[in-house]
Protein chains: 2
Amino acid sequence: MRIGELAETAATTTKTLRFYESQGLLPPAERTPAGYRDYNPDTVARIDFIHRGQAAGLTLAQIRQVLDIRDRGRAPCDHVRDLLDARLVAIERQIAHLTALRDNISELRDHAAEPEPATCSPDQICRYL
Amino acid sequence: MRIGELAETAATTTKTLRFYESQGLLPPAERTPAGYRDYNPDTVARIDFIHRGQAAGLTLAQIRQVLDIRDRGRAPCDHVRDLLDARLVAIERQIAHLTALRDNISELRDHAAEPEPATCSPDQICRYL
DNA sequence: CTTGACCTTCCCCTGCACTGGAAGGTCCAG
DNA sequence: CTGGACCTTCCAGTGCAGGGGAAGGTCAAG
């Protein structure tokens, strides 16, 4: 199948597929005599895997590592488990950070609402910050 | 005060200060006869304000808008309140998204742990994704 | 007079995952 | 034989907030 068909089937764009190839996420495609890329339909599964990895918050570089391991014939499962564990830790940290930020902003917003002066004091830029 | 002193006092770098000036967050500084920037010590408060805005998750473009309003003599408080409200909404969305992501990853991770085959099935890249 | 710290402008680089567009080749229907 | 859809490569830009480093000017101390 040609790149446009693959892009549509796998819900992506031709630009992205060429980009993935340049980044080593897809192996260099076969070529027709005219130089067109000619893909094996199995490539769709590989792109779906990339999409699932992205949905889990992995970077393309991490996904490429996983695919490299798989392409060398080894099972990348343990590596993926470690990546997911690291993602979980990072996500927990992000959530904690955002929660604290939300509480800070809420406080700023509500704390400043009470006195309600017509304008800020001249030596201050804004009573909310 | 010169740029190095201001940078140290305001806990930033000379690079950043020149960048802020180029982005309109700081007014063009006075110059000494030799061409050195010569800052009013009040500038420290302005940089602190920028830092507080960043800590609240505002972009430099948004902070610049606030400072522009203030510099035109008007109180930016209402505008800042709106920005903070929008940030709160965005943060809530981010938290919800990250929480769902965390739950998905947790499930992937624990669900795949049980059968524990030695390797992934040949038509699958990894049992975790 | 020189050394070293500080300052100036200038342009390019970073990470991330693409996206846009130019210039040109290929293929098929009408 | 022409038009349009599709494909190729390559270069450059996006957003965000700066950072790196070159080439050169300035100033005070020794």
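Residue numbers start from 1 in every chain, and the chains themselves are labelled A, B, ... in the order their sequence lines are given, proteins ahead of strands. Quick note: numbers below take in every heavy atom, side chains included, and nothing from hydrogens, waters or symmetry partners. The structure displayed is predicted, hence computed values, not measured ones.
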Residues two or more places apart in sequence or in another chain: which of them pass salt bridge (Lys or Arg N to Asp or Glu O under 4.0 Å) with Arg102(A)? Glu92(B)
Rounded to the nearest 0.5 Å, how far apart are [atom1] of [X] and [atom2] of [Y]?
{"X": "Thr13(A)", "Y": "Arg18(A)", "atom1": "OG1", "atom2": "CZ", "answer": "8.5 Å"}
{"X": "Leu129(A)", "Y": "Ile63(B)", "atom1": "CG", "atom2": "CD1", "answer": "8.0 Å"}
{"X": "Arg93(B)", "Y": "Leu98(A)", "atom1": "CZ", "atom2": "CG", "answer": "12.0 Å"}

Separation of [N] [atom2] from [X] [atom1] (nearest whole Å):
{"X": "Glu30(B)", "N": "dC7(C)", "atom1": "CD", "atom2": "P", "answer": "17 Å"}
{"X": "Glu8(B)", "N": "dC7(C)", "atom1": "CD", "atom2": "P", "answer": "10 Å"}
{"X": "Asp38(A)", "N": "dT8(D)", "atom1": "CG", "atom2": "P", "answer": "10 Å"}
{"X": "Leu6(B)", "N": "dT8(C)", "atom1": "CG", "atom2": "C1'", "answer": "16 Å"}
{"X": "Leu25(A)", "N": "dA17(C)", "atom1": "CG", "atom2": "P", "answer": "9 Å"}
{"X": "Tyr20(B)", "N": "dG18(D)", "atom1": "OH", "atom2": "C1'", "answer": "8 Å"}
{"X": "Phe19(B)", "N": "dC11(C)", "atom1": "CZ", "atom2": "C1'", "answer": "15 Å"}
{"X": "Leu17(B)", "N": "dG19(D)", "atom1": "CG", "atom2": "P", "answer": "10 Å"}

Ionic contact status for Asp48(A) with Arg52(A), cut-off 4.0 Å: no
May I have all residue pairs that pass salt bridge (charged side-chain N to carboxylate O under 4.0 Å, His left out) and include part of residues 2-12 of chain B, sequence neighbours excluded? none
Looking at every heavy atom in both [X] and [Y], which two are closest together, and how far apart are they?
{"X": "Ile105(A)", "Y": "Ala56(B)", "value": "CD1-O, 3.3 Å"}
{"X": "Leu101(A)", "Y": "Ala55(B)", "value": "CD1-O, 2.9 Å"}
{"X": "Arg46(B)", "Y": "Ile125(A)", "value": "CA-CD1, 4.1 Å"}

Using five base pairs at each end, measure the axis-to-axis angle across the helix from dC1(C)-dG30(D) to dG30(C)-dC1(D) and round it to 10 degrees. 40°
When you compare the protein's N or O atoms with those of nucleotides 23-29 of chain C, which come within less than 3.5 Å of each other, and at what distance?
| from | atom 1 | to | atom 2 | distance (Å) |
| --- | --- | --- | --- | --- |
| dG25(C) | N2 | Tyr36(A) | OH | 2.6 |
| dT26(C) | O4' | Tyr36(A) | OH | 3.1 |
| dT26(C) | O2 | Tyr36(A) | OH | 3.3 |

Check each residue of residues 40-67 of chain A for a non-hydrogen atom within less than 4.0 Å of any atom in DNA chain D, then write out the ones that pass by number, or none. none
Got a list of protein N/O to nucleotides 9-11 of chain D N/O distances below 3.5 Å?
| from | atom 1 | to | atom 2 | distance (Å) |
| --- | --- | --- | --- | --- |
| dT9(D) | OP1 | Arg31(A) | NH1 | 3.4 |
| dT9(D) | OP1 | Arg31(A) | NH2 | 3.0 |
| dT9(D) | OP2 | Arg37(A) | NH1 | 3.0 |
| dT9(D) | OP2 | Arg37(A) | NH2 | 2.9 |

Is Thr16(A) close enough to dA17(C) that one of its side-chain N or O atoms is under 4.0 Å from OP1 or OP2 there? no
Can a side chain N or O of Thr14(B) be found less than 4.0 Å away from OP1 or OP2 on dC7(C)? no
When you measure from the side chain of [X] to the backbone of [Y], do you find a donor-acceptor pair of N or O atoms at a distance under 3.5 Å?
{"X": "Thr12(A)", "Y": "Thr16(A)", "answer": "no"}
{"X": "Arg109(B)", "Y": "Asn104(B)", "answer": "no"}
{"X": "Asp38(A)", "Y": "Arg31(A)", "answer": "no"}
{"X": "Gln23(A)", "Y": "Leu25(A)", "answer": "no"}

Below 4.5 Å, heavy atoms only, C-beta onward: do Val80(B) and Ile69(B) meet side chain to side chain? no
